[in-house]
Novice: 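Take this structure, written in structure tokens, and hold onto it; I'll ask about it next.
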2 protein chains.
Amino acid sequence: MPPGRPTPTPSIATPDTPARRPTVRDVAERAGVSLGTVSNVLNRPEQVAARTRARVEAVVEELGFVRNASANQLRTGRHRALGLVVLDIGNPFFTEVARGAEAAAREDDCVLVLGNSDSSAEQELRNLRTLAERVDGIIVSPVDEHAEELVRLGAGATPLVLLDRRSPRGRHCSVSVDDVLGGLLAAEHLFQLGHSRLTVITGPLSLQQCADRVEGAHAAATAAGLDAKQAVRVVEVDNMTARDGRACVAELGDDVGGAVFCTNDLLALGALASLQQAGRRVGEDVALVGYDDIAFAADAAVPLSSVRQPMYELGYRACKTVLAEIAEGERHRHQQIVFQPELVIRESSRPNPVPEQ
Amino acid sequence: MPPGRPTPTPSIATPDTPARRPTVRDVAERAGVSLGTVSNVLNRPEQVAARTRARVEAVVEELGFVRNASANQLRTGRHRALGLVVLDIGNPFFTEVARGAEAAAREDDCVLVLGNSDSSAEQELRNLRTLAERVDGIIVSPVDEHAEELVRLGAGATPLVLLDRRSPRGRHCSVSVDDVLGGLLAAEHLFQLGHSRLTVITGPLSLQQCADRVEGAHAAATAAGLDAKQAVRVVEVDNMTARDGRACVAELGDDVGGAVFCTNDLLALGALASLQQAGRRVGEDVALVGYDDIAFAADAAVPLSSVRQPMYELGYRACKTVLAEIAEGERHRHQQIVFQPELVIRESSRPNPVPEQ
DNA sequence: GACCCGGACTGAAACATTTCAATCCGCTGA
DNA sequence: TCAGCGGATTGAAATGTTTCAGTCCGGGTC
């Protein structure tokens, strides 16, 4: 037997049983209609007579026909797919955003293709390029300040919305959260607790989000009548993982002071671990506030106060925005959508810790 | 002006500047070659003369030509894409698996499309169906014991490998970790610490992984000369999040005993939080072991002992396995690959806790 | 009985690419 | 000078779907 297609049964193969996947043509022949009619049954069932439709549908079922997506896409120019490129797929913030985006995509019968840039501009570019070929629109949380350039380069004419970052010159839609406000809320809360000095542990200030949150903290200090530079001590770490938070606090030692604001929850959880190991009682000796309000924050050893971002909504809205841009085509006008964050106060920064009511 | 395609500049449009995306035909015309040659430049550059190639490449660059993936797929029958359907995209285990899979896919110039079934059989089916249309192969961590049925239904003839689950009747390739061994290692360790009773907090026993880990714990008890049913107390919770672990331990109170094994790290972290709040010193009063060794485990308030699974390798290998199946076609033979887990001992279950050397 | 209407159905064209048999052409060797 | 060679190039066919200008036909109207 040649290495080609093997015949499963040695009996004489029925000529109408092709081994390859059935096409609309196969369905049409078997149902005794033209392939245009099959297409109509598939796409505009109301336009075909009930009897014909039933017959075609039966054959579709019988043959196990499934539309070839490539041919469909080629003809219609629509992929019914959206891309989402995130900075770090391991970050709960982005997985929650992805959930929201997926839900929105599903409502419009689209699938969501997830890409991970791992905070690398090169990977981001690669992702944008491959996605541009296979999706109708892209949502991207850009890596750095050259975002616009990357975006132009990578996505070409594909509709694109920026996630968690405003479009500097309004060249794209964007969906973001007011990070300055978030930083302000966190710091304000800590100052109101009576602290006059505050340590901010932040990821790279080259990230706009971090810079904004720190700026918010400074603003809160000023608003509280303090000298921003003196009252707020900023410590920058390379990454935003628990490990970095832990190492940073360990290094600071007692120097960390009585009030700490971390620019994300992972840093804060690391800080919490380190503080506990050093014997400090978080929520009593030290007030600690994180950012993002990831699911685990509420269930940490000491439930963590955090600035809640509407992550799910962010993804949902971003997705709806690309979909709108796709639908509107030429007459689309870009818009910048900004969500407001919200401070969630838990044990880690209670004014008077009350473990049990 | 009709609502059609607007002309950006009111000047006379140059006839060779189409507003639509350029095609191979456009490139061919502009470079003065046939479209077959352009295709050759794209796919077999070594076969075309250096001068011609250079000219074509210049035009590609100039026009910003990018291949239409749909047409490409339609003609070649290859998508250069792989699908990965996971139980829970928020679970660090799966994000790490995804990382490995993506790396493997990239090596073969494929993209990885991520799907999330959220532990719902219905969503899994939906994911499998949409993926089957748009990828060359699928990796799936199936929801429940009807896996085979779902898989047959959803994926049709698409090559498919099972992740983190063996194929019951060898009908697919699979890449998994020996969960019985993992449970055994964890329990054995706790028994060796001197405990004679053990509480196992597990997710739904309908999940094979959980059932296997519990079975391993029983086996360890038996091996230690104990009565498996008496020495091992199994508590089943609905989900495998930190919240569930916390709630479960809170409910058990002192009843939890001196040795706890959780079938994943999130449960263990929740348990850790609850134990700490109750004033118990984990690593001293209570020994605690998790499962998965997620990144955060080492940086928890008390660094968590855990059964490490080679998550990245799991994803990497699963991906290579589908790729092999795709490449081998008819002559492919299914194989079951089983990785060995490894126990990582940290503070949460030290024989003699030594905070500082 | 002729005519027309409109719903149902048809089938060729189009989508952008790849493939491959055929052609072209400049050289080499006799 | 010419047959023959082989690398470079060509262009038609093919992929599976959707679209749309038509055709068909049963029945109602005059």
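In the text below, chain A, chain B and the rest are named by the order of the sequence lines, each starting its count at 1.
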Novice: Scan Thr52(B) against the nucleic acid and name what it touches under 4.0 Å (heavy atoms): base, sugar-phosphate only, or nothing.
Specialist: sugar-phosphate
Novice: CZ of Phe65(A) versus C1' of dG16(D): gap in Å, rounded?
Specialist: 8 Å
Novice: Touch check for Asn40(A), heavy atoms < 4.0 angstrom, all strands: base, sugar-phosphate only, or nothing?
Specialist: base
Novice: Without decimals, in angstroms, what is the distance between Arg67(B) CZ and dC15(C) C1'?
Specialist: 17 Å
Novice: From C-beta outward on Thr23(B), which listed nucleotide comes closest to its side chain: dT17(D), dG11(D), dA16(C)?
Specialist: dA16(C)
Novice: Name the closest nucleotide to the Asn72(B) side chain, picking from dT9(D), dT18(C), dT17(D).
Specialist: dT18(C)
Novice: Are Glu107(B) and Lys320(B) within salt-bridge range, i.e. N to O under 4.0 Å?
Specialist: yes
Novice: To the nearest Å, give me how far apart CZ (Arg21(B)) and C1' (dT17(C)) are.
Specialist: 13 Å
Novice: Closest nucleotide of DNA chain D for Thr76(A) versus for Thr37(B): which of these residues is on the 5' side?
Specialist: Thr37(B)
Novice: Can you tell me how far OG1 of Thr321(A) sits from CG of Leu160(A), rounded to the nearest 0.5 angstrom?
Specialist: 12.0 Å
Novice: Let me confirm one number: the OG-CG distance from Ser167(B) to Leu162(B), rounded to the nearest 0.5 Å.
Specialist: 5.5 Å
Novice: So, does the side chain of Arg75(B) form a donor-acceptor pair with the base of dT17(C) at under 3.5 Å?
Specialist: no
Novice: Do any side-chain nitrogens or oxygens of Arg44(B) fall under 4.0 Å of OP1 or OP2 in dT18(C)?
Specialist: no
Novice: State which of dT18(C), dC9(C), dT17(C) makes the closest approach to the side chain of Asn43(B).
Specialist: dT18(C)
Novice: Would you classify Ser39(A) as touching base, sugar-phosphate or nothing, given that sugar-phosphate means primed atoms plus P, OP1 and OP2, and contacts are heavy atoms under 4.0 Å?
Specialist: base
Novice: Grab the CG-P distance between Leu42(A) and dT19(D) for me, whole Å please.
Specialist: 11 Å
Novice: Within this structure, what is the CG-to-C1' distance between Leu35(B) and dA12(D), rounded to whole angstrom?
Specialist: 10 Å
Novice: Do you see a donor-acceptor pair shorter than 3.5 Å between the side chains of Gln123(B) and Ser117(B)?
Specialist: no
Novice: Hey, which sits more toward the 5' end of DNA chain D by its nearest nucleotide, Ala71(B) or Gly36(B)?
Specialist: Gly36(B)
Novice: Return the value, rounded to whole Å, for the distance between atom CZ of Arg55(A) and atom P of dA8(C).
Specialist: 14 Å
Novice: Check the orientation of Tyr316(B) and Tyr312(B). Use parallel for under 30°, tilted for 30 to 60°, and perpendicular for over 60°.
Specialist: parallel
Novice: What nucleotide, of dT15(D), dT17(D), dT18(C), holds the atom closest to the side chain of Leu74(B)?
Specialist: dT15(D)
